[in-house]
Each structure stands twice: as C-alpha cells, then as structure tokens.
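Written out below as structure tokens is the structure these notes cover.
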Amino acid sequence: MMIDGKRLLLNLAAFRRFSDTPGSGVTRFSYGSQDAKARRSIINRAKRIGCPVRIDAVGNIRIGLPSNQPGRPAIFCGSHIDTVRNGGWLDGIYGVCSALEVLETLAERGRKKATRNFETVIFAEEEGSNFGSTMTGSKFITGKYGNEDLERLTADNGKTMRQVLQEAGLEPETTAGSQLDPVPWDLSNVAAMLELHIEQGPVLDRAGIPIGIVDSIFGMRVVEVVLTGVGNHAGATPMSERHDPLSAAAECILAAESMVAADPNKRAVVTVGKLEVQPNCSNVIPETVRFSIEVRDSNNEKINRYMSEIIHDIREIALNRDVNCQIHEHSSSKPLHLDDGVREVIRQTAESSGISYRVMDSGAVHDACMIAEASVPTGMIFVPSIDGRSHVPEEDTKGEDLIRGTQLLMDVIETLLTQTEEEQ
Ligand code: HGY
Ligand code: MN
Ligand code: MN
C-alpha cells in the first residue's frame with residue numbers, strides 16, 4: 001500500500017506550531033498547553049477516520065483501527081510527541097506522524113486478509129523534560145515505574161508527577177469505569193512493535209545511506225550531584241578562604257569528560273546537560289550547585305564502571321575543596337539488542353524495495369527500549385539527520401528521506417499484519 005507522502009509532510013509541518021518557543025526550535029513538554037493542543041489535533045484526526053482512542057493514567061495514547069478484532073494479537077507502531085527545550089521538529093513526532101499515516105492508509109484502504117490488529121501508540125514524557133527521567137510513559141506502561149514514582153519524580157518547580165498529571169486532567173488512580181486506562185498495560189498480546197525515528201547522529205548522513213536498521217540501543221545511567229560550599233561576597237573573600245561549589249563542579253565535569261573521552265572503543269559518552277547555581281548572582285560566590293551526569297554505552301558493565309569512577313572522583317574533589325557532596329541515583333535503562341526476526345523483516349523489505357540501508361546501533365534511547373525490555377519483539381528504522389544534528393532547532397531531514405522511511409514502515413507493517421503463524 002502506498003502512503004500519502006504529501007499528507008505526511010503537511011501533518012509534520014503542522015506540529016511545528018505546537019511550541020512554547022516559536023522561532024527558536026520546538027519546545028513541547030508533556031502535560032503542558034502545547035502538548036494538549038498537539039494531542040487534541042491527533043485525537044480529532046483519529047475520530048475523523050473512525051479510529052477509537054484510549055488514554056491511560058499517565059497520558060499514553062493508543063489508537064486502533066475500526067477493523068481490529070477483539071483478542072487478536074496486535075502490531076504496535078509509534079513514538080513520542082514531547083520534545084526537549086528548544087528542540088527539533090522531528091524527534092519523536094516523525095515516528096508518530098508516520099504511525100498515524102500508516103493508520104489512516106490502513107483505515108482508508110482496508111487490508112488484505114490480516115491475522116493481526118494494528119495500533120498507533122503515542123508515549124508520554126519520553127524526553128523526561130519535566131522530571132529528568134527519559135521514557136517515563138513507557139516505563140509506566142511496562143510496570144518499571146509505579147505509584148511510588150508519581151511522588152518520587154518531581155519537576156523543577158517542585159511539583160510531583162502526580163500533581164502535574166492532576167493539573168493536566170489525568171488521574172493516576174484510575175478506578176474501573178473511569179475513562180482512563182490503568183497502567184501497566186497487558187502487552188502479552190502484542191506480536192511486535194515498530195518505531196520509526198530520525199537517527200539524531202551523523203552516521204547515515206555522512207555515508208549517504210537513506211535507511212538505518214537498528215540492531216541495538218545504548219543503555220544509560222543518570223545521577224544528580226549536589227555540591228554545597230560557603231556562599232560569600234565575591235569581592236571581599238580571599239581566594240585562599242573560598243569553598244566554591246561551582247569551581248568544584250567544573251573540576252568534576254572535566255574529570256568525567258577526560259575519563260570517558262579516553263574510552264578505547266570511542267563509543268561511551270558522558271554528558272552534564274543540566275546545571276543550577278544558587279543564588280546565581282555574578283557578585284556572589286555560589287552556595288550550592290546541582291547538576292546531572294549521564295553515562296551511556298552499549299555495555300552495561302562499562303556504564304556502571306565509568307559511573308562508579310566518576311562518583312569516586314567527585315567525592316575526592318569535594319573532600320579536597322572542603323565542599324559537601326550528595327549524589328542521588330536518578331534513572332537508568334539497560335543496553336539492549338532488538339529482535340532478530342523483526343529486524344530481518346525490515347531488512348528484507350528494504351532489500352526488495354531496492355533501498356540501501358545500514359544496520360547500526362543507537363546512542364539515543366527510545367520508547368522501543370522499554371517495549372523490547374518487556375519481551376515484545378521490537379524493531380527500529382532510522383532516517384538520516386542532516387549534519388547529524390538533533391535536540392536543537394537545526395534538526396532536519398530531507399523530505400524524500402522522511403517519505404521513504406514512512407513508506408518502508410508501511411511495507412513492513414503490511415508484512416507483519418498478514419504474517420501467518422508459521423512465518424512468525
Ligand atoms: O535522551 C535520549 O536519548 C532521547 O532523545 N530521549
Ligand atoms: Mn526521540
Ligand atoms: Mn529526544
């Protein structure tokens with residue numbers, strides 16, 4: 001079945017306007033007003049094509065086909081609509097618009113004899129922009145997160161996830177009969193899940209290859225560090241008497257960077273993306289500094305080894321500078337290998353369409369990780385990111401690459417929907 005490429009690009013372009021930072025990238029945090037507008041437009045489109053919509057207690061959305069049969073195994077396909085701050089116009093939303101394009105094409109054309117159902121899934125809070133934890137919605141779907149995390153996860157303004165959900169009109173405690181589905185979901189009848197995504201790195205763009213077929217996804221571990229020194233007057237305090245937590249943080253960050261940059265296989269990465277200084281005035285020696293550190297790699301043992309060494313160095317630096325140090329585990333996800341069977345269907349479909357591809361790993365994490373970790377056979381397809389840029393306003397992909405990726409997704413889904421038991 002042919003997708004409608006023009007409709008895909010029009011829908012993608014329309015989502016750019018749901019942003020708190022028009023003109024400087026896309027900012028659309030889950031549970032915010034722009035997210036609500038984006039959801040509304042998706043739900044209106046689903047209703048217009050006669051597709052039933054379900055929403056769960058943390059805002060994950062699932063949209064089925066009217067022809068879905070109760071009890072039949074389902075193919076899931078989707079991604080996320082939330083973004084980082086001043087992010088790009090494609091991260092997540094490209095996979096959602098593509099899954100909606102597949103849904104609409106299937107709803108319009110009907111399907112050859114199908115042995116499975118099809119559902120578009122939109123995961124909430126994938127970026128973790130509110131609470132600092134990536135893949136939050138899918139962690140609730142799989143039961144990795146539960147009620148206690150509704151209190152544990154807090155936004156910068158101090159509001160818990162439970163309070164943020166309530167303000168967004170979502171109630172975590174869902175009683176039977178309420179219009180929200182409970183979490184976790186029963187995934188036992190999900191035959192496969194597919195996520196189409198921009199690569200967010202330079203590999204495909206540099207190689208001039210239009211499709212990436214993902215075989216593994218990096219793991220990550222995030223800790224939060226709080227360094228407390230002695231705030232004081234910037235002008236009247238001699239250098240020899242200072243206990244400056246920001247200088248200590250600078251030393252910690254450079255130590256972490258040089259350690260991981262020396263990684264022999266050059267794939268491990270460490271990032272300090274968030275740093276808060278109190279009281280953050282140019283003429284005051286800071287009192288407290290709070291910053292995130294995340295380590296990612298394809299090997300879990302290496303992630304933990306690096307993080308332990310980083311934590312050790314931080315404690316040592318704090319001691320030498322007589323600065324108080326607290327380190328809290330924040331979130332993590334293990335590296336994982338995606339399903340060989342689904343990857344083979346993607347590879348054969350690309351081959352028969354004459355599309356050149358590269359099998360590759362992903363340094364970015366995706367909701368596909370959580371669904372795969374819940375033992376659902378999962379596959380991912382990448383399209384190139386121009387200059388390898390992502391999580392920034394410059395994020396972009398050529399229109400023909402976007403359409404090609406969605407058509408390949410359509411073709412793979414068609415195969416999975418009509419697979420017989422033996423072929424599975
Ligand atoms: O952080 C990530 O890898 C993803 O973009 N949330
Ligand atoms: Mn993403
Ligand atoms: Mn992202």
Side-chain angles (χ1 to χ4, degrees), residues 12 15 19 21 25-30 35 38 60 77-99 121-141 144-145 153 193-203 212 214 216-223 267-274 292-298 303 330-336 338 360-373 378-385 388-397 402 405 409:
L12 265 174
F15 269 93
S19 167
T21 53
V26 179
T27 302
R28 185 171 52 243
F29 288 10
S30 284
D35 178 61
N60 296 302
C77 179
S79 193
H80 60 96
I81 60 170
D82 64 314
T83 72
V84 295
R85 184 174 289 111
N86 301 103
W89 71 293
L90 293 169
D91 177 1
I93 194 67
Y94 169 53
V96 168
C97 282
S98 297
V121 183
I122 297 153
F123 300 98
E125 189 63 4
E126 187 278 342
E127 293 293 0
S129 300
N130 283 304
F131 312 110
S133 163
T134 54
M135 305 177 286
T136 293
S138 45
K139 286 176 181 170
F140 276 95
I141 286 176
K144 191 165 180 167
Y145 278 179
L153 293 170
M193 190 249 165
L194 275 159
E195 183 167 4
L196 173 61
H197 207 285
I198 53 173
E199 178 203 334
Q200 300 185 285
V203 172
V214 182
S216 61
I217 301 178
F218 273 25
M220 66 189 286
R221 184 173 155 194
V222 188
V223 298
R267 288 310 314 275
V269 286
V270 61
T271 310
V272 173
K274 196 169 178 179
S292 63
I293 292 196
E294 59 147 81
V295 173
R296 303 193 193 200
D297 191 80
S298 56
I303 292 171
H330 189 281
S331 53
S332 65
S333 56
K334 288 199 175 58
L336 54 82
L338 291 180
M360 59 192 290
D361 62 19
S362 172
V365 295
H366 304 282
D367 293 302
C369 304
M370 291 299 112
I371 305 302
E373 208 176 68
T378 300
M380 281 202 78
I381 301 170
F382 277 170
V383 295
S385 293
R389 299 294 304 278
S390 181
H391 278 187
V392 289
E394 293 77 8
E395 179 183 284
D396 203 359
T397 296
L402 294 170
L409 179 74

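Counting convention: from 1, in listed order, for ligands and their atoms alike.
Within the 3.5 Å criterion, the main-chain N or O of Arg28 finds a donor-acceptor partner in the side chain of Thr83. One N or O on the side chain of Ser30 and one on the backbone of Glu125 form a donor-acceptor pair closer than 3.5 Å. In this structure a side-chain-to-backbone donor-acceptor pair under 3.5 Å is present from Ser292 to Lys274.
Here His80 does not reach the Mn ion (ligand 3): none of its N/O/S atoms is less than 2.8 Å from the metal. For a distance bound of 2.8 Å, the N, O or S atoms of Glu126 include none lying that close to the Mn ion (ligand 3).
For the pair OD1 of Asp91 and NE2 of His197, the angle at the Mn ion (ligand 2) is about 80°; rounding is to 10 degrees. Centred on the Mn ion (ligand 3), the OE1 atom of Glu127 and the NE2 atom of His391 lie at an angle of 90°, reported to 10°.
Taking a cut-off of under 4.0 Å to the non-hydrogen atoms of Ala364, the atoms of ligand 1 that pass are 3 (O). Here is the list of ligand 1 atoms found below 4.0 Å of a heavy atom in Glu127: 4 (C), 5 (O), 6 (N).
Ser390 and Glu395 share a side-chain donor-acceptor pair at under 3.5 Å. Between the side chains of His80 and Asp367, no donor N or O sits under 3.5 Å from an acceptor N or O.
Here's the thing with His391: one of its N/O atoms is less than 3.5 angstrom from an N/O atom of ligand 1.
Residues Ile198 and Ser385 approach most closely at CB-OG, 3.7 Å, considering heavy atoms. Minimum interatomic distance between Gly78 and Glu195 (heavy atoms only, all atoms of both residues): O-CG, 3.2 Å.
When only non-hydrogen protein atoms are considered, atom 4 (C) of ligand 1 lies nearest to Val365 O, 3.5 Å. At the shortest separation from atom 1 (O) of ligand 1 among protein heavy atoms lies Arg296 NH2, 2.8 Å.
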